[in-house]
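Below: one structure, written as structure tokens.
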Amino acid sequence: MSSMPRLFVNSDLVAGEAFALDEGQANYLTRVMRLGMGDAARVFNGRDGEWRAEISRIEGRRAELTPVDQLRQQEPNSGAQLTLLFAPVKKSETDFIVEKATELGAARIQPVITERTQTRTVRLDRFQKIALEAAEQTERLDLPDVADAASLDVALAALPSGTALVFCDEAGDEADAPWGGQAGRARPMTEVLPGIKGRPAAILIGPEGGFSPAERSHLRARADTYPVGLGPRILRAETAAVAAMTLWQAVCGDWRD
């Protein structure tokens with residue numbers, strides 16, 4: 001892709017109409033990247049596509065850009081129907097999940113608190129910054145909606161009507177066997193996904209200790225819930241999130257384009 005710096009901005013992007021950068025963005029372009037008057041950057045705002053914009057004013061720590069020509073029109077994100085629900089884990093692993101969910105096209109990223117979730121506080125501002133930087137680097141034309149942590153029940157109730165909940169269920173039904181044994185195992189995710197292609201979907205990833213028996217029973221009984229397995233190995237939460245989103249994109253998302 002182009003070597004021009006790429007920034008997300010909140011301003012409307014209209015040819016010839018200058019807008020101010022925030023101080024951090026101005027510092028990045030003029031001091032880190034050492035751009036000067038007339039030099040160009042690529043900008044997007046999630047509404048008006050991507051534009052080539054030129055630096056039209058530098059004054060101290062402030063700078064302005066003027067959009068010159070549109071490079072890409074705004075198109076609906078093929079992942080626009082995908083939500084990721086995940087139980088927060090350790091700091092670096094949770095950061096990884098947010099970053100990779102953005103790269104993989106999630107429209108909404110929702111941390112959920114389950115009975116066995118160990119990390120119950122999240123830094124929403126940090127997650128939003130991680131998502132913004134990932135979108136800038138991966139050529140997305142929009143940002144995912146990163147939500148504050150909510151209980152599992154609240155997060156499920158907030159899903160739009162008709163959303164297919166892809167429940168990554170690593171356990172079996174045998175209470176006395178390690179990880180529930182083999183009885184009652186969910187079908188492989190690649191077998192389930194073709195049946196929900198074209199529907200809005202939410203992928204649910206549990207905490208390090210898995211879902212409690214009560215949560216698992218509730219999820220299994222819930223309408224529009226599709227339990228799926230991710231293979232014969234027990235995956236770490238962050239690995240499961242990436243694996244599940246990758247499969248969804250390959251079968252239902254924009255990897256088919």
Side-chain angles (χ1 to χ4, degrees), residues 46 76-89 93-95 97-102 104-128 130-131 142-171 173 180 184 186-187 189 192-193 195-230 235 237-238 240-245 247-249 251-253:
N77 175 10
S78 294
Q81 295 181 312
L82 181 63
T83 296
L84 175 66
L85 308 176
F86 75 98
V89 284
E93 285 83 354
T94 299
D95 291 351
I97 291 172
V98 173
E99 179 183 73
K100 300 312 171 188
T102 304
L104 287 165
R108 182 174 174 82
I109 301 171
Q110 172 68 71
V112 297
I113 306 302
T114 69
E115 289 185 30
R116 295 175 177 170
T117 299
Q118 296 182 7
T119 301
R120 294 177 175 265
T121 58
V122 300
R123 285 279 306 278
L124 182 59
D125 58 340
R126 178 180 177 82
F127 289 174
Q128 291 170 334
I130 290 170
D142 62 349
L143 297 184
D145 175 19
V146 184
D148 206 352
S151 70
L152 179 59
D153 287 343
V154 169
L156 294 177
L159 293 175
S161 177
T163 298
L165 180 66
V166 181
F167 167 36
C168 295
D169 183 14
E170 75 283 3
D173 289 336
R187 292 166 58 202
M189 188 169 179
V192 174
L193 288 179
I196 62 171
K197 187 183 297 184
R199 292 180 58 184
I203 293 172
L204 174 60
I205 304 293
E208 293 171 321
F211 293 96
S212 71
E215 288 170 333
R216 186 169 176 270
S217 296
H218 172 70
L219 287 164
R220 285 258 179 168
R222 181 182 178 275
D224 288 323
T225 298
Y226 298 82
V228 300
L230 293 172
L235 303 180
E238 66 271 22
V242 172
M245 291 194 63
L247 291 174
W248 188 90
Q249 283 289 19
V251 177
C252 302

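Put simply, CD on Q128 and CG on L124 are 4.0 Å apart, with the number rounded to the nearest 0.5 Å. Rounded to the nearest 0.5 Å, atoms CD (E99) and CZ (F127) are 12.5 Å apart. Taken from CD1 in I109 to NZ in K100, the straight-line distance is 12.0 Å, to the nearest 0.5 Å. Note: L156 CG to L165 CG = 6.0 Å, rounded to the nearest 0.5 Å. Taking CG from L84 and CZ from F86, the interatomic distance works out to 6.5 Å, rounded to the nearest 0.5 Å.
Closest approach of R220 and A186 over heavy atoms only: NH2-N, 3.7 Å. Of all heavy-atom pairs spanning P88 and V122, the tightest one is CG-CG1, 3.8 Å. Nearest heavy atom pair, residue G105 against residue Q249, reads CA-NE2, 3.9 Å. For the residue pair A147 and P111, the shortest heavy atom distance occurs at O-CD, 3.1 Å. For the residue pair R116 and G210, the shortest heavy atom distance occurs at CD-O, 3.1 Å.
At distances below 3.5 Å, not a single donor-acceptor pair connects side-chain atoms of E93 with backbone N or O atoms of A237.
For R126, the side-chain contact (heavy atoms from CB on, under 4.5 Å) partners at least two apart in sequence or on another chain are K91, D95, R123, I130. Contacts of A243 classified as side-chain contact (heavy atoms from CB on, under 4.5 Å), with partners at least two apart in sequence or in another chain: L235. Every side-chain contact (heavy atoms from CB on, under 4.5 Å) that E215 has, sequence neighbours left out, goes to T114, E115, L152, F211, S212. Listed by chain and number, the residues in a side-chain contact (heavy atoms from CB on, under 4.5 Å) with A244 are C168, M189, I203, I205, L230 (sequence neighbours excluded).
Using a 4.5 Å heavy-atom cutoff, the side chains of L247 and L193 are in contact.
Within the structure, side chain to side chain donor-acceptor pair (under 3.5 Å) pairs that include any residue of residues 145-164 comprise R108-D145 (at least two apart or interchain).
Of the options L104, T102, V98, T83, a side-chain contact (heavy atoms from CB on, under 4.5 Å) to P144 is made by T102 and by none of the others.
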Only pairs under 3.5 Å count here: list side-chain donor-acceptor contacts from residues 221-228, not counting sequence neighbours, and write none if there are none.
from : atom 1 : to   : atom 2 : distance (Å)
R222 : NH1    : T225 : OG1    : 3.1
D224 : OD1    : R199 : NH2    : 3.1
T225 : OG1    : R222 : O      : 3.4
Y226 : OH     : R199 : NH1    : 2.8

